[in-house]
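Contents: one structure, followed by commentary.
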Amino acid sequence: MGKYDLTLFEVPGEIVGINQVGVTMGLINKHTEPGFVLADDSVVLEREKDEAGFYIGGAGMDGMFLQTPARYEPVRDEDGAVYAFRRMSEHLTRFTGEEQQTIFQYAMNTPEHLIEDLTAALPALRKSPQVYGLFASTLEKLKQVPDHDRERLMADIRAAYKGREIQSIRERQKKAAQKKRRSLER
């Protein structure tokens, strides 16, 4: 395996099925909110996302939503429909959205290679304090994640951000097709 061979797709994610679409909320005025009840009994609501766009897991109790530290990312089929959720590494919340993007861009296969690459880049980044700080903080936080959990963290981030890229492309293609259809109808 080469240093830049992408192998993270081989790391299995924790995929959780959907038991129910829509979540019953409210103690007195019961109503259904957009979201999902998952097979692990977690609840994810459309309105409950963290700063990086991950769904915040919760427990649905008596019509209330009680947040948990768990984070989820939708898993989509070829048409973009959500059919399950990936339960993200428990270490994900240690990293800011920018740090997660850095991991996504530089993580290819092993935690050791990622740490080597971030370390090697630091001297060249000294002239850009903001980028240097981003790389340094990502590196320090990665070192705090237990060795046996780093690869899963990297694979989860890679899968989530890659999935978001694919979904964004689907949405742009759909809008372009709709625009073209409207212009042909005129």
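Just so you know, these numbers come straight off a predicted model, no measurement behind them. What you see below is based on every heavy atom in this structure, not just the backbone, and it leaves out hydrogens, waters and symmetry mates.
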Kindly list each side-chain donor-acceptor pair under 3.5 angstrom involving residues 75-84, sequence neighbours excluded, with atom names and distances?
from, atom 1, to, atom 2, distance (Å)
Arg76, NH1, Gly80, O, 2.8
Asp77, OD1, Asp79, N, 2.9
Asp77, OD1, Gly80, N, 3.0
Asp77, OD1, Ala81, N, 3.0

Ignoring hydrogens and angles, tell me if any N or O in the side chain of [X] forms a donor-acceptor pair with the backbone of [Y] under 3.5 Å.
X      : Y      : result
Ser42  : Leu38  : no
Thr68  : Gly57  : yes
Glu99  : Thr96  : yes
Ser128 : Leu125 : no
Arg150 : Leu142 : yes

Tell me whether [X] shares a hydrophobic cluster with [Y], the cluster being built from Ile, Leu, Val, Met, Phe, Trp, Tyr side chains joined at under 4.5 Å.
X      : Y      : result
Leu153 : Ile56  : no
Val131 : Leu139 : yes
Phe104 : Val145 : yes
Leu122 : Tyr106 : yes

(request) Let me see the working for Tyr55 and Tyr72 under ring-ring contact (aromatic ring centres under 6.0 Å, His included), right down to the final yes or no. (result) CA-CA 5 Å; Tyr55 284 83; Tyr72 294 88; 8.5 Å; no

(message) Once side-chain hydrogen bond (donor to acceptor under 3.5 Å, both in side chains) is applied, do any residues pair with Glu33, and if so which ones, sequence neighbours excluded?
(response) His31, Arg47

Mind checking the [atom1]-[atom2] spacing from [X] to [Y]? Nearest 0.5 Å is all I need.
X      : Y      : atom1 : atom2 : value
Gln144 : Lys141 : CD    : NZ    : 8.5 Å
Ile157 : Gln101 : CD1   : CD    : 9.5 Å
Gln167 : Lys162 : CD    : NZ    : 13.5 Å
Phe95  : Thr102 : CZ    : OG1   : 10.5 Å
Leu134 : Leu118 : CG    : CG    : 9.0 Å
Met88  : Thr93  : CE    : OG1   : 11.0 Å

(message) Checking side-chain contact (heavy atoms from CB on, under 4.5 Å) between Thr138 and each of Ile103, Ile115, Leu114, which is the one that passes?
(response)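 Testing Thr138 for a side-chain contact (heavy atoms from CB on, under 4.5 Å) against Ile103, Ile115, Leu114 leaves exactly one candidate, Ile103.
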
Mind checking whether [X] and [Y] have side chains closer than 4.5 Å, heavy atoms only?
X      : Y      : value
Phe85  : Arg71  : no
Thr32  : Val23  : no
Met154 : Pro111 : yes

(request) Give a yes or no on whether Lys30 atom NZ has more than 12 heavy-atom contacts from other residues, nucleotides or ligands under 6.0 Å away. (result)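 Enclosed.
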
(message) So that I can tick it off, tell me whether Arg87 and Glu73 are bridged by a salt bridge, with the cut-off set at under 4.0 angstrom between side-chain N and carboxylate O.
(response)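 So Glu73 does not pair with Arg87 through a salt bridge.
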
(request) Using salt bridge (Lys or Arg N to Asp or Glu O under 4.0 Å) as the criterion, list what pairs up with Lys49, not counting sequence neighbours. (result) none

(request) Using the test salt bridge (Lys or Arg N to Asp or Glu O under 4.0 Å), find all partners of Glu98 that sit at least two apart in sequence or belong to another chain. (result)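 For Glu98, no residue satisfies salt bridge (Lys or Arg N to Asp or Glu O under 4.0 Å) once neighbours in sequence are set aside.
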
(request) Give every residue pair that meets the salt bridge (Lys or Arg N to Asp or Glu O under 4.0 Å) criterion with at least one member in residues 125-139, sequence neighbours excluded. (result) none

(message) For Asp156, run the side-chain hydrogen bond (donor to acceptor under 3.5 Å, both in side chains) check against His91, Arg86, Gln100 and tell me which one passes.
(response)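 So, applying the side-chain hydrogen bond (donor to acceptor under 3.5 Å, both in side chains) to Asp156 and each of His91, Arg86, Gln100, only Arg86 qualifies.
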
(request) Of all the heavy-atom pairs spanning Gly97 and Tyr161, show the shortest one and how long it is. (result)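 Answer, listing the atom of Gly97 first, then Tyr161: O-OH, 3.9 Å.
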
(message) On a heavy-atom basis, which atom in Val43 and which in Phe65 lie closest, and how many Å separate them?
(response)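 Minimum heavy-atom contact is O-CE1, 3.5 Å.
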
(message) Ignoring hydrogens and geometry beyond distance, is a side-chain donor-acceptor pair present between Ser168 and Arg172 at under 3.5 Å?
(response) yes

(request) State which residues pass side chain to side chain contact (heavy atoms under 4.5 Å, CB included) with Ala39; sequence neighbours excluded, sorted by chain then number. (result) Val16, Asn19

